[in-house]
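Worksheet for the structure shown next.
Residue numbers begin at 1 in each chain, while the letters A, B, ... track the order of the sequences.
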2 protein chains.
Amino acid sequence: MRFYYKKIEYKIKNGKKLHNGLFSIFVNSIAIFMLKEERQQLILNEVALHNRVLLTDIAESLDVSIDTVRRDVKELDGENKLKKVHGGAVSLGFTSYGARNGTIYALEEKTKIAEKAIRLLKQGGVIFIDGGTTCLELARLIPTNLELTCFTLSLPVAFELLAKPNIDVIFIGGKISRDAQISIGSHAIHQLSEIKVDYSFIGTGYVDSLYGLTEFDWDIVQLKKAVIKASKKTVLLCISEKLNSQHRYKTCDINAINTMITELEPDNNLLNLFRNHDIRLL
Amino acid sequence: MRFYYKKIEYKIKNGKKLHNGLFSIFVNSIAIFMLKEERQQLILNEVALHNRVLLTDIAESLDVSIDTVRRDVKELDGENKLKKVHGGAVSLGFTSYGARNGTIYALEEKTKIAEKAIRLLKQGGVIFIDGGTTCLELARLIPTNLELTCFTLSLPVAFELLAKPNIDVIFIGGKISRDAQISIGSHAIHQLSEIKVDYSFIGTGYVDSLYGLTEFDWDIVQLKKAVIKASKKTVLLCISEKLNSQHRYKTCDINAINTMITELEPDNNLLNLFRNHDIRLL
DNA sequence: AATAAAAACGCATAATACTGCAAATAAAAT
DNA sequence: ATTTTATTTGCAGTATTATGCGTTTTTATT
């Protein structure tokens with residue numbers, strides 16, 4: 001079961017007990033006291049190699065108490081060298097993707113929007129999160145204690161959500177668009193047709209009170225239509241800069257949106273044109 | 001330096017006590033007084049050689065008080081020549097790989113493996129790339145001019161592939177495993193059943209010439225089975241450290257693998273046990 | 001809801017670390 | 001040569017750390 005520990009299989013025996021229960025291994029007949037750092041290094045090694053370890057396995061193979069291993073793992077977790085989980089530890093994925101790559105345009109506004117959107121989330125809810133930087137910001141700001149099931153098409157959003165322990169992430173697969181880093185194509189649309197979420201949080205390329213939501217890209221429109229269809233309620237996240245802009249292909253009318261969130265106060269004059277519609281402004 | 005020695009030799013011959021308990025070592029039957037610097041150099045040597053020392057060991061073998069050693073080590077730590085830890089010291093490089101966040105364990109070996117794997121790729125081919133750091137490395141090293149269609153379950157791999165302009169990336173969707181950052185579950189398996197790729201490049205948790213490929217995790221096994229089924233040829237990427245290790249759940253026999261790539265030369269003795277099988281070693 | 005496993009907590013103990021100090025002596029100054 | 005000053009070392013006492021153990025609390029699973 002643990003051949004990979006052969007190196008230290010021939011440990012102890014008549015082991016001189018060092019410290020208080022610390023074990024020693026015999027190499028060339030010399031008792032070697034194992035430093036905490038060495039033990040931790042071994043743990044990291046295991047994790048790096050197999051992606052996961054069990055505390056009990058480590059404790060047994062190193063012949064230390066499980067408490068010690070637990071403390072080690074806790075410490076390593078604190079140092080961000082691995083992730084402690086119930087019963088063991090797993091390697092940190094390479095969550096570096098979550099680290100903001102480029103700088104996000106108008107981050108402040110988008111954060112404000114995301115914060116408002118989060119107020120709509122309910123414990124145990126099932127939601128969809130679209131791609132785009134605003135939605136990514138939403139994903140990033142979801143409280144860690146909130147339990148949610150999140151569908152998404154966006155690789156960055158998926159990554160971000162994975163960092164939250166209480167969120168089930170379901171990725172809608174398909175051909176990946178290089179630009180937007182989201183699944184596109186018929187397969188993704190088909191899959192969307194098979195789900196129903198409480199809320200979907202979507203972005204848009206352009207929005208106009210008269211023409212509704214429009215996009216530059218035909219494929220994206222098809223996708224967004226599918227998303228809206230799969231949602232009990234649709235929430236549009238949109239910075240005010242995009243208001244009253246249009247493009248070629250139409251996703252839907254304003255009426256198809258239940259709630260629109262901008263970084264503005266809901267009573268801001270810029271939003272006046274939208275008040276004729278059956279839409280909630282946040 | 002010599003100067004000191006002579007002085008000391010003289011003193012010792014006359015039986016005069018040196019310092020207050022300063023120790024001496026005998027070389028060629030002549031007691032040589034050891035300077036602090038020399039002692040420290042010895043400690044550094046020891047650390048360089050074994051990556052670690054125990055204060056008690058040093059104190060005993062050099063016959064100085066542990067306080068002296070402690071002070072030496074403290075000083076060397078201050079000079080950044082080693083790292084002082086409870087009970088001893090470790091070399092600086094010792095803990096380094098874990099500290100470099102996001103750095104891949106045994107990267108060099110994995111790169112070597114990936115390079116071999118890339119030689120199997122053909123222009124216009126359709127392949128599957130598994131998750132795991134070795135496969136990620138493969139994804140990373142794919143030449144940019146190569147045109148490929150790549151299926152994957154792994155978010156990091158998908159990201160990596162998106163950076164290549166000539167690669168179509170198709171992500172197999174599903175519930176995302178937080179640990180492995182890959183799609184898991186029935187949906188992913190079902191989708192795999194609908195594709196057929198020329199080559200799949202997979203990793204494994206454990207591999208043994210007798211027991212075949214095994215995993216810690218049942219879900220992963222199901223997934224890998226589906227991958228193998230969806231492949232005309234399956235290539236196992238596996239660093240030699242994993243050879244002859246096993247775990248609970250079995251993915252497949254060695255025979256189910258067409259090619260196994262390790263960082264070793266194909267004629268390395270460590271691979272002997274695999275030669276009985278119908279498997280190509282690279 | 002019941003149960004088993006794991007984690008957390010507090011405690012005891014042994015090993016180790018630190019501090020101040022005095023002895024020895026090397027190096028410098030006289 | 002002698003005195004002074006600074007350095008090195010060991011020692012004793014105290015503080016801190018590492019570890020295992022038993023108990024309680026939490027978590028996951030059935």
Side-chain angles (χ1 to χ4, degrees), chain A residues 12 15-24 31-43 52-60 62-78 82-90 144-145 147 165-166 168, chain B residues 1 3-12 14-25 33-43 52-60 62-78 82-90 178-179 217-219 248:
Chain A
I12 309 224
K16 182 168 115 195
K17 195 179 176 202
L18 307 165
H19 268 215
N20 177 16
L22 261 188
F23 82 97
S24 51
I32 297 187
F33 172 86
M34 182 165 261
L35 294 165
K36 189 179 70 164
E37 279 68 20
E38 295 182 279
R39 215 177 37 234
Q40 296 189 351
Q41 197 57 37
L42 265 169
I43 295 171
R52 57 196 317 165
V53 292
L54 299 181
L55 298 189
T56 48
D57 277 1
I58 299 266
E60 194 194 335
L62 300 190
D63 199 29
V64 285
S65 81
I66 193 152
D67 301 68
T68 299
V69 179
R70 190 171 285 127
R71 272 184 278 240
D72 281 339
V73 166
K74 203 170 173 182
E75 205 174 317
L76 292 169
D77 183 302
L82 48 69
K83 194 174 154 217
K84 188 177 182 318
V85 296
H86 196 86
V90 298
T144 43
N145 60 336
E147 288 172 24
N166 293 312
D168 278 343
Chain B
M1 282 293 192
F3 171 69
Y4 278 109
Y5 289 168
K6 291 215 165 161
K7 227 173 169 180
I8 299 305
E9 277 170 34
Y10 171 76
K11 284 188 175 176
I12 293 211
N14 291 340
K16 192 170 170 186
K17 192 174 176 242
L18 303 172
H19 274 228
N20 176 16
L22 259 190
F23 79 98
S24 49
I25 60 175
F33 173 82
M34 181 165 266
L35 295 168
K36 189 178 75 163
E37 314 263 322
E38 295 180 277
R39 212 176 41 235
Q40 295 191 352
Q41 194 54 51
L42 260 168
I43 294 171
R52 61 187 287 277
V53 290
L54 303 183
L55 299 189
T56 50
D57 277 1
I58 298 271
E60 195 188 336
L62 301 189
D63 197 27
V64 284
S65 82
I66 193 151
D67 300 69
T68 301
V69 180
R70 209 191 305 284
R71 272 185 278 242
D72 282 340
V73 167
K74 201 171 175 181
E75 206 174 317
L76 292 168
D77 183 301
L82 47 69
K83 190 177 162 209
K84 186 180 184 314
V85 298
H86 194 90
V90 296
R178 202 177 311 284
D179 304 338
D217 193 313
W218 177 251
D219 291 332
R248 216 176 299 165

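Rounded to a whole Å, the CD atom of A/Glu75 is 14 Å from the P atom of C/dA8. What separates CZ of A/Arg70 from P of D/dT19 is a distance of 15 Å, to the nearest Å. Protein atom CD of B/Glu37 is 14 Å distant from nucleotide atom C1' of C/dA26, rounded to whole Å. Distance NZ (B/Lys84) to C1' (D/dA18): 14 Å, rounded to an integer number of Å. Following rounding to the nearest Å, B/Lys74 (NZ) and C/dC18 (C1') show an atom-to-atom distance of 7 Å. Atoms CG (A/Asp57) and P (C/dA6) sit 10 Å apart, rounded to a whole Å. The nearest whole Å value for the distance from the NZ atom in A/Lys36 to the P atom in C/dA14 is 21 Å. In this structure, A/Ile66 places its CD1 atom 9 Å from C1' of C/dA7, rounding to the nearest Å.
Residues passing the salt bridge (Lys or Arg N to Asp or Glu O under 4.0 Å) test with A/Glu147: none are found, sequence neighbours excluded. Residues passing the salt bridge (Lys or Arg N to Asp or Glu O under 4.0 Å) test with B/Glu75, sequence neighbours excluded: B/Lys36.
Among all heavy-atom pairs drawn from A/Met34 and A/Leu42, the shortest one is CE-CD1, 3.6 Å.
Two residues are said to be in side-chain contact when any heavy atoms from C-beta on lie closer than 4.5 Å; B/Leu82 and B/Val90 fail this criterion. Proximity of A/Leu35 to B/Leu54: side-chain heavy atoms (C-beta onward) are separated by under 4.5 Å at one or more points.
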Polar atom pairs (N or O), protein with nucleotides 21-29 of chain D, under 3.5 Å:
| from | atom 1 | to | atom 2 | distance (Å) |
| --- | --- | --- | --- | --- |
| D/dC21 | N4 | A/Asp67 | OD2 | 3.0 |

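Base pairing of D/dT30 is made with C/dA1, judged by Watson-Crick or G-U wobble geometry with both donor-acceptor distances under 3.5 Å.
B/Val69 comes within 4.0 angstrom of nothing in the nucleic acid, heavy atoms only. Among the protein residues, A/Val73 comes within range of no part of the nucleic acid, since none of its heavy atoms lies under 4.0 Å from any strand.
Each of A/Ile66, A/Ile43, A/Asp72, A/Val85 was checked for a side-chain contact (heavy atoms from CB on, under 4.5 Å) with A/Leu55, and the lone residue meeting it is A/Ile66.
DNA chain D is contacted by both B/Asp72 and A/Asp72; B/Asp72 maps to the nucleotide lying nearer its 5′ end (nearest heavy atom per residue).
Close to D/dT8, at under 4.0 Å from its OP1 or OP2, lies no side-chain N or O of B/Arg39.
From A/Ile58, atom CD1 reaches atom CD of A/Gln40 across 11.0 Å, with rounding to the nearest 0.5 Å.
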